[in-house]
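This structure is a prediction, so every number in the text was calculated from the model and none was measured. We name chains A, B, ... by the order of the sequence lines, and we start the count at 1 in each one.
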Amino acid sequence: MRIGELARRAGVSTRALRYYEEQGLLRPERRPSGYRDYGEQALATVRRIQLLLSAGLGTAVIAEILPCVPDDTTVLAPTCPELLDGLAEERARITAAMQRLAAARDILDSLIATGAPDPPAVRRDGAACRRAGAGQEM
DNA sequence: CTTCTAACA
DNA sequence: TGTTAGAA
């Protein structure tokens, strides 16, 4: 199948499919026309890539994991031991990130609790108060 | 009409 | 990632 069909069936953009290829996650064949030609198994592969991406893994890690997984598996079957170690490390990174975010939230909580603007927000410089968080990209 | 590459937002 | 130009 060509890229458009795979994109529709997998629910991803053609842009993503070309990107996965660039990252070494997919290796479609080429037709004489230069068009990419994907096999049926590509659909399962893309689904696995999506699953791993949603697990927070980077394309580099996924590129290592994919070849360890049997093509016929619905999702991810029990895999190689060294792979499990890598996944455990990823889990640890997520745990660490959660703790950093929790710490950041605690600081914001204290700032919010402290600044009860009963006496209307008065600023000596008379400048306008900007809304905190504006332009935050999350 | 579909895809390709490359590049910009 | 989305999008787009220009070519096939």
Distance, rounded to the nearest Å, where [X] contributes [atom1] and [N] contributes [atom2]:
X     : N     : atom1 : atom2 : value
A/E22 : B/dC4 : CD    : C1'   : 13 Å
A/R8  : B/dC1 : CZ    : P     : 15 Å
A/E29 : B/dC4 : CD    : P     : 14 Å
A/I3  : B/dT3 : CD1   : P     : 7 Å
A/E5  : B/dC1 : CD    : C1'   : 15 Å
A/D37 : B/dC4 : CG    : P     : 10 Å
A/E21 : B/dA6 : CD    : P     : 12 Å

Next item on the list: Over all heavy atoms of both residues, which pair between A/T14 and A/G4 is shortest? Give the atoms and the distance, please.
Entry: CG2-CA, 4.3 Å
Note to self: By nearest atom, which of the nucleotides C/dA8, C/dT1, C/dG2 is closest to the A/A16 side chain?
What the structure shows: C/dT1
Note to self: Evaluate A/T45 against A/Y38 for side-chain contact (heavy atoms from CB on, under 4.5 Å), listing each step before the verdict.
What the structure shows: CA-CA 11 Å; A/T45 302; A/Y38 301 87; over 6 Å; no
Next item on the list: For A/R18, report the nucleic acid contact type (base, sugar-phosphate, nothing); a contact means any heavy atom under 4.0 Å.
Entry: base
Next item on the list: Look at all strands and tell whether A/R30 reaches a base, only sugar-phosphate, or nothing, counting heavy atoms closer than 4.0 Å.
Entry: sugar-phosphate
Next item on the list: Taking only the side-chain nitrogens and oxygens of A/S13, find out if one of them lies under 4.0 Å from OP1 or OP2 of C/dG2.
Entry: yes
Margin query: For B/dT3 and A/R36 - does any side-chain N or O of the residue sit under 4.0 Å from the phosphate oxygens OP1/OP2?
Written below: no
Margin query: If you apply the rule salt bridge (Lys or Arg N to Asp or Glu O under 4.0 Å), what do you find for A/R36 with A/E22, and how did you get there?
Written below: CA-CA 13 Å; A/R36 272 167 265 250; A/E22 206 175 85; over 6 Å; no
Notebook entry, point to check: Can you find a donor-acceptor N/O pair under 3.5 angstrom joining the side chain of A/R15 to the base of C/dT3?
Noted result: yes
Check: Can a donor-acceptor pair under 3.5 Å be found between the side-chain atoms of A/Y19 and the base atoms of C/dT1?
Finding: no
Next item on the list: With A/L52 as reference, evaluate A/L57, A/L25, A/V61 under the side-chain contact (heavy atoms from CB on, under 4.5 Å) test and give the passing residue.
Entry: A/L57
Item checked: Upstream residue (5' side of DNA chain C) when A/Y35 and A/L53 are each assigned their closest nucleotide -> A/L53
Notebook entry, point to check: So do the side chains of A/Q50 and A/V46 get within less than 4.5 Å of each other, counting heavy atoms only?
Noted result: yes
